[in-house]
Amino acid sequence: MTLAVACALGAAFCFAVSTTMHQRAAKRQRRHHPLDPRLLLRLLRTRLWRLGWAPDVAGVGLQAVALRFGPLALVQPLMASGLFMAILIEAGWNRRRAGARDLLGATVGLVGLAAFLTAAEPQAGIPAPTAGAWWRVALGVGGAVAVALALSALVTGAARGALLGFAAGTLYGVAAALVKALTASFHGDLRALVVDPLLPASAVVALTGLVINQSAFQSGRIAAPLTALTLADPVVSVVLGVTAFRETITLGGPRAAVLALAVVAIVVGVWLAGTASPSSSGTGRVSPSTGGRPDP
């Protein structure tokens with residue numbers, strides 16, 4: 001379990017670095033429809049965006065190890081700490097001190113995560129869901145993502161970024177579940193891994209989430225989409241862990257009060273980080289005259 005926790009935190013840090021780099025690159029591109037692959041083609045020609053994949057790949061590797069040795073309901077909430085790490089990384093990138101509100105949000109959120117994991121004591125369930133369970137996941141997640149995408153077309157700015165961030169986070173949670181099932185069935189046979197239908201399924205889900213995520217980064221500050229993504233990913237993962245993977249969390253007795261306070265702390269921490277003023281987030285204002293690039 002210690003290895004799973006260490007790898008999850010390491011993956012969160014890698015993803016925080018990658019997210020900061022990708023958001024800065026995406027903000028410089030012309031806006032596209034959330035599912036338009038042309039945005040990715042433009043970003044592929046951007047050096048900063050390509051370099052951002054180095055920490056991202058490292059994060060995927062660490063996340064896979066964490067999911068192999070720890071329950072989904074433990075690993076994915078720990079991954080949420082990447083939001084707070086990104087606040088500090090962005091401040092360092094811009095050579096400024098992190099705002100007091102950002103630091104308060106990071107502290108409250110991390111304390112909430114620690115309290116939640118200590119009180120809930122997530123325990124592993126079955127290695128992989130049944131085919132019927134996967135179909136139910138597909139229907140439920142597909143409907144939620146479709147609604148979020150439809151609503152995002154009706155709004156602009158931070159609201160659009162939050163909706164797209166929610167859709168991306170939901171897909172990332174499903175991708176994590178697919179990876180967990182894939183790693184559980186892998187016993188060294190590469191041929192069996194290649195023909196496993198979970199492999200292309202995880203790739204398609206992750207790639208779709210990536211495209212939507214980059215579109216979300218174009219909608220205002222990084223805080224709105226990243227906050228929604230950070231909330232959606234672990235929530236979806238815990239739901240999938242308890243339902244599809246039959247994992248268990250402790251809810252009875254005095255732990256219920258601790259869990260309730262922990263959830264409130266997590267929400268408040270993410271809210272504080274996600275509602276910081278543009279000046280404190282260091283992302284700048286987007287000027288139409290610069291083609292979507294942030295003003296100096």
Side-chain angles (χ1 to χ4, degrees), residues 8 11 15 32-37 39-40 56 59-60 63-64 66-68 70-80 122-154 160-187 192-216 225-226 228-249:
F15 287 141
H32 294 275
H33 186 273
L35 294 176
D36 192 338
L39 176 59
L40 281 185
D56 195 74
V60 169
Q63 184 185 20
L67 290 169
R68 177 65 177 84
L72 191 68
L74 168 66
V75 173
Q76 290 308 110
L78 280 175
M79 298 288 294
Q123 299 297 321
I126 61 176
T130 63
W134 280 127
W135 279 112
R136 289 190 291 272
V137 168
L139 291 174
V141 170
V145 171
V147 170
L149 293 178
L151 292 176
S152 71
L154 305 177
R160 180 176 186 271
L163 286 167
L164 293 178
F166 167 79
T170 299
L171 291 173
Y172 285 158
V174 176
L178 289 166
V179 169
K180 178 173 177 59
L182 191 63
T183 56
S185 63
F186 178 65
H187 301 288
L193 177 65
V194 171
V195 299
D196 193 322
L198 292 178
L199 182 61
S202 60
V204 169
V205 172
L207 182 60
T208 304
L210 175 64
V211 175
I212 296 175
N213 193 12
Q214 302 311 304
S215 295
L226 189 56
L229 188 154
T230 303
L231 277 173
D233 190 342
V235 168
V236 169
S237 296
V238 169
V239 171
L240 293 180
V242 172
T243 57
F245 286 84
R246 301 177 190 174
E247 298 176 354
T248 59
I249 58 176

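Note that the coordinates shown come from a computational prediction; the quantities given were computed from them, not determined experimentally.
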Hey, could you give me the CG/CZ distance between Leu151 and Arg160, rounded to the nearest 0.5 Å?
12.5 Å

From Arg136 atom CZ to Thr130 atom OG1, the distance as rounded to the nearest 0.5 Å
5.5 Å

Ignoring hydrogens, what is the shortest heavy-atom contact between Leu178 and Leu198? Give both atom names and the distance.
CD2-CD2, 3.7 Å

Shortest non-hydrogen contact from Val60 toward Phe15
N-CZ, 3.5 Å

How many angstroms lie between atom CG of Leu67 and atom CG of Leu74, to the nearest 0.5 angstrom?
9.5 Å

Give the minimum heavy-atom separation between Val137 and Ala244, together with the two atoms involved.
CG2-CB, 4.3 Å

State, yes or no, whether a side-chain contact exists between Tyr172 and Met79 at a heavy-atom distance under 4.5 Å.
no

What's the shortest heavy-atom distance between Ala148 and Ala167, and which atoms?
CB-CB, 4.1 Å

Tell me if a side-chain donor or acceptor on Lys180 pairs with a main-chain N or O of Pro71 at a distance below 3.5 Å.
no

So Leu229 and Phe166, do their side chains get closer than 4.5 Å, heavy atoms only?
no

How far apart are the closest heavy atoms of Pro129 and Trp134, and which atoms are they?
CD-CZ2, 3.6 Å

Can you find a heavy atom in the side chain of Leu39 that is under 4.5 Å from one in the side chain of Ser215?
yes

Non-hydrogen side-chain atoms of Leu149 and Ile212 separated by less than 4.5 Å
yes

Mind checking whether Leu40 and Leu207 have side chains closer than 4.5 Å, heavy atoms only?
yes

Here the pair of heavy atoms bringing Ala66 nearest to Ala8 is CB-N, 3.8 Å

